[in-house]
*Asks:* 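Sending over a structure as structure tokens; questions will come in a sec.
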Amino acid sequence: METRASPSSFSSSTSLSTVIRRRRCSSRVSILPDRTSSPSALRSNFPSSLCCRASMSNSTRTSETEIKESYPEEFIDSKKFSIMSLSPLDGRYLPKVKNLRPFFSKYGRIRSRIMVEIKWLIKLSEIPEVEEVPELSVDARSFLNAIVDKFSVKDALEVKKIAEKTNHDAKAVEYFLKRKCESCPEVAKVLEFFHSLCTSEDINNLAYAISLKETLNTVIFPVMVELCEAISTLAKNNAHIPMLSHTHGQPASPTTLGKEMSVFAFRLCNTGEIFSGLHILGKFAGADGNYNAHKFAYPNVNWPSIAEEFVTSLGIEFNAYVTQIESHDSIASLFHAIIGFNNILLNFDRDIWSYISLGYFKQITKSTEVGSSTMPHKVNPIDFENSEGNLGMANKALSELATRLPILLMQGEPSDSTVLRSTADGLGHSLLAYLSTLQGIQKLQVNEFRLYEDLEHSWEVLTEPIQIVMRKHGILGSYEKVKDLTRGKAATKESLTEFIKGLDLPEKAKSDLLDLTPSYYTGEAEALAKSLDVTVDLLNGFKIGYN
């Protein structure tokens, strides 16, 4: 079993989302090491010098049996283990959300901390005033970077074992790195400078920021883009198909199916542009944000400048004004933006559900599937129902995070750490919802006959243009005359024809009204849907800035 987990090792078969991910995200700078290299390539890049050989086993593989026996709760990829899961994200829905695991699993959090600790040691070696940590050689840097590149499940399990004794995750990472680096003489000389001049929150806030940014840019946003493109396609393909509108649940002026879909495409894509204006902030200012220990130990170093250089080198924007804890305002804004996107999608799900119930859409069936345990005829809109339910769960988690995280007691207290662990819940249920809606869209089949039938039974919607034309030509009490004819009464083609013929209108105006049908009274709906590409911009949205 391959133990070195990576985003690619958790990917599913090539799909539209994969293609979009490659196209949309190819220009983004990843703040994770290159994980595309083969094991042999990684080995060839690893320093051959005996002075920098890792003290752990050279093998990057751990047997499946070893993991199951050591930490069975960590190994839930197979159906045999997932059936014991408490959370549906790691059980029933694991195949759909497993791409989040490299970032927000226990393994992912440990790996991100390892990365920050190593990069900080390298940064210390580049500060001339910190003479105790000489500038590291190319071999030493390669040795340290390889710890991140080759970080395995076996390594994560070792950190977890240490944490069981220390009862402190950040300290466990420090002890792990000291053990890991004992065999490299150059690094062994500076082992005590792992986690030097920083508090655990300095490491944790950056580790979470890295995980969150990479998760959004490589997993969540590409699916959001795919969803927007699917709804945009639904809009453009059905731009010309007339549909009865419903305002207040009552028949209203006709539209087209495509135009109503374009409303959601625009709303969702417009929300995507909000993300490009958001930045995730990070801090690295010590126990209470004042660089106390830094200034005392090395008074001639411009520590705020060093901290800013370090944080921004990780692709995170620097926050200079902090306590022990980064304020999380930027993360709160991000979660609020995701909630906004989710609310629009929830609106879409409910509308599609309603259109299915009206018969405007049919659903493509599979012979092996069952809609009801007792009613064989049923084809339920379960994908949109599933999406709606998961959006509710996602928004509940994200709302709690966005509300709770920015509220910090005095110079900081650790409850934000507990709350942050639920980030995967909000993102996981969001991802599930997006995938469910996409699956539902793929099953939709427009029922044009049913759409036409509803329009033909709703001639009353033409009372709007009739009274407008009457007003245009100076007929007094136009609205009231049409109201008396139709309000609360059945309006038919025949009754409206008779009414129009009796109006004192020019022959051309009268002829145009007589030729009008509900199906042709759609205004600019078709043109609006067809021009969607001019308005919607998927290239410049759906990415977190500051690389």
Side-chain angles (χ1 to χ4, degrees), residues 3-12 21 30-33 35 71 73-77 82 85-116 148 151-153 155-157 159-160 163 169-170 172-173 203-224 280 282 314-316 326 328 330-332 334-335 338-339 342 390 393-402 404-405 416-435 544:
T3 61
R4 183 169 55 83
S6 71
S8 59
S9 66
F10 288 88
S11 62
S12 57
R21 185 178 301 117
S30 174
I31 52 179
L32 291 177
R35 312 303 302 276
Y71 288 92
E73 73 277 9
E74 295 290 333
F75 190 83
I76 53 178
D77 284 324
S82 66
S85 300
L86 293 178
S87 166
L89 293 179
D90 277 322
R92 177 187 182 92
Y93 299 124
L94 178 59
K96 293 184 177 181
V97 300
K98 60 185 178 183
N99 286 356
L100 298 177
R101 278 180 150 192
F103 308 106
F104 281 105
S105 63
K106 184 71 172 179
Y107 162 91
R109 292 197 299 272
I110 293 173
R111 184 183 177 280
S112 294
R113 291 188 183 107
I114 293 284
M115 182 195 307
V116 176
V148 179
F151 191 72
S152 67
V153 171
D155 291 333
L157 291 173
V159 176
K160 191 172 186 297
D169 290 344
V173 166
I203 303 300
N204 288 336
N205 91 97
L206 295 180
Y208 267 102
I210 290 170
S211 295
L212 184 56
K213 181 177 178 180
E214 284 295 294
T215 299
L216 292 170
N217 283 344
T218 62
V219 181
I220 301 293
F221 287 161
V223 181
M224 283 181 168
I280 300 176
L314 300 175
I316 307 301
E326 201 286 317
H328 304 310
S330 62
I331 294 179
L334 173 63
F335 289 162
I338 297 175
I339 291 170
N342 289 354
N390 277 291
M393 294 296 293
N395 283 358
K396 182 177 181 180
L398 293 171
S399 179
E400 175 62 22
L401 285 162
R404 170 64 186 84
L405 286 175
D416 70 313
S417 176
T418 298
V419 177
L420 274 169
R421 295 178 192 275
S422 297
T423 301
D425 293 340
L427 297 181
H429 284 290
S430 293
L431 181 59
L432 271 176
Y434 306 156
L435 294 172
I544 292 296

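The chain is numbered in sequence order, starting from 1.
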*Asks:* Verify side-chain contact (heavy atoms from CB on, under 4.5 Å) between Asn205 and Ile316, making sure each step is shown before the conclusion.
*Replies:* CA-CA 10 Å; Asn205 91 97; Ile316 307 301; over 6 Å; no
*Asks:* Supply the atom-to-atom distance Leu427 CG to Ile338 CD1, rounded to the nearest 0.5 angstrom.
*Replies:*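 Reported to 0.5 Å precision, the distance equals 5.5 Å.
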*Asks:* Between Leu431 and Lys96, what is the shortest heavy-atom contact and its length?
*Replies:*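 Nearest pair, atom of Leu431 first, then Lys96: CD2-O, 3.7 Å.
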*Asks:* Would you give the length of the straight line joining atom CG of Leu334 to atom CG of Leu212, rounded to the nearest 0.5 angstrom?
*Replies:*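 One finds 5.5 Å between CG of Leu334 and CG of Leu212.
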*Asks:* Tell me, with the steps shown, if Arg101 and Leu94 meet side-chain contact (heavy atoms from CB on, under 4.5 Å).
*Replies:* CA-CA 10 Å; Arg101 278 180 150 192; Leu94 178 59; 3.6 Å; yes
*Asks:* With sequence neighbours left out, write down each residue that passes side-chain hydrogen bond (donor to acceptor under 3.5 Å, both in side chains) with Asn395, or none if nothing qualifies.
*Replies:*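 Result, side-chain hydrogen bond (donor to acceptor under 3.5 Å, both in side chains) vs Asn395: Asn342, Asn343.
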*Asks:* If we only count heavy atoms from C-beta on, is the Leu432 to Leu89 side-chain gap below 4.5 Å?
*Replies:*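 When only atoms from C-beta onward are counted, Leu89 and Leu432 do touch, with a gap below 4.5 Å.
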*Asks:* Once ring pair (Phe, Tyr, Trp, His ring centres under 6.0 Å) is applied, do any residues pair with Phe104, and if so which ones, sequence neighbours excluded?
*Replies:*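 Once residues adjacent in sequence are excluded, Phe104 has no partner under the ring pair (Phe, Tyr, Trp, His ring centres under 6.0 Å) criterion.
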*Asks:* How long is the span from the CG atom in Leu314 to the CG atom in Leu206, to the nearest 0.5 Å?
*Replies:*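 If we round to the nearest 0.5 Å, Leu314:CG and Leu206:CG are 6.0 Å apart.
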*Asks:* When rounded to the nearest 0.5 angstrom, what is the spacing between OG1 in Thr423 and CG in Leu401?
*Replies:*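 Here the rounded value is 5.0 Å.
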*Asks:* Could you grab the distance from atom OH of Tyr434 to atom CE of Met224, nearest 0.5 Å is fine?
*Replies:*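 Interatomic distance, Tyr434 OH to Met224 CE, rounded to 0.5 Å: 3.0 Å.
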*Asks:* Checking Arg109 against Tyr208 for the side-chain contact (heavy atoms from CB on, under 4.5 Å) test, could you report, in this order, the C-alpha distance in whole Å, the side-chain angles of both residues, the deciding distance, and whether it holds?
*Replies:* CA-CA 7 Å; Arg109 292 197 299 272; Tyr208 267 102; 3.2 Å; yes
*Asks:* State the CG-CD1 distance between Leu398 and Ile331, to the nearest 0.5 angstrom.
*Replies:*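 So the gap between those two atoms works out to 11.5 Å.
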*Asks:* Test of understanding: with side chain to side chain contact (heavy atoms under 4.5 Å, CB included), list the residues that count as partners of Ala163, not counting sequence neighbours.
*Replies:*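 Counting only residues at least two positions away or on another chain, Ala163 forms a side chain to side chain contact (heavy atoms under 4.5 Å, CB included) with Thr166, Asp169, Ala172.
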*Asks:* Is a side-chain donor or acceptor of Tyr93 paired with a backbone partner of His429 at a separation under 3.5 angstrom?
*Replies:*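 No; judged by distance alone, with no hydrogens or angles, the pair does not exist.
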*Asks:* I need the minimum non-hydrogen distance between Ala394 and Gly426, along with the two atoms involved.
*Replies:*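 Where Ala394 meets Gly426 most closely, the heavy atoms are CB-O, 3.4 Å.
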*Asks:* What I'd like to find out is whether the side chain of Val116 reaches to under 4.5 Å of the side chain of Asn204, using heavy atoms alone.
*Replies:*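 When only atoms from C-beta onward are counted, Asn204 and Val116 do not touch, as no gap falls below 4.5 Å.
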*Asks:* Does the Lys213 side chain pair with the main chain of Ile280, one donor and one acceptor, at a distance under 3.5 Å?
*Replies:*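 Side chain of Lys213 to backbone of Ile280, a donor-acceptor pair under 3.5 Å: no, none is there.
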*Asks:* Indicate the atoms forming the closest heavy-atom contact of Pro102 with Asn99, along with that distance.
*Replies:*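 Nearest heavy atoms, Pro102 then Asn99: CD-O, 3.3 Å.
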*Asks:* Determine the minimum heavy-atom distance between Ile210 and Met115, stating which atoms define it.
*Replies:*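 Heavy-atom minimum between the residues: CD1-SD, 4.2 Å.
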*Asks:* If you compare all heavy atoms of Tyr107 against all heavy atoms of Ala156, which two are closest, and at what distance to 0.1 Å?
*Replies:*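 Minimum heavy-atom contact is CD1-CB, 3.8 Å.
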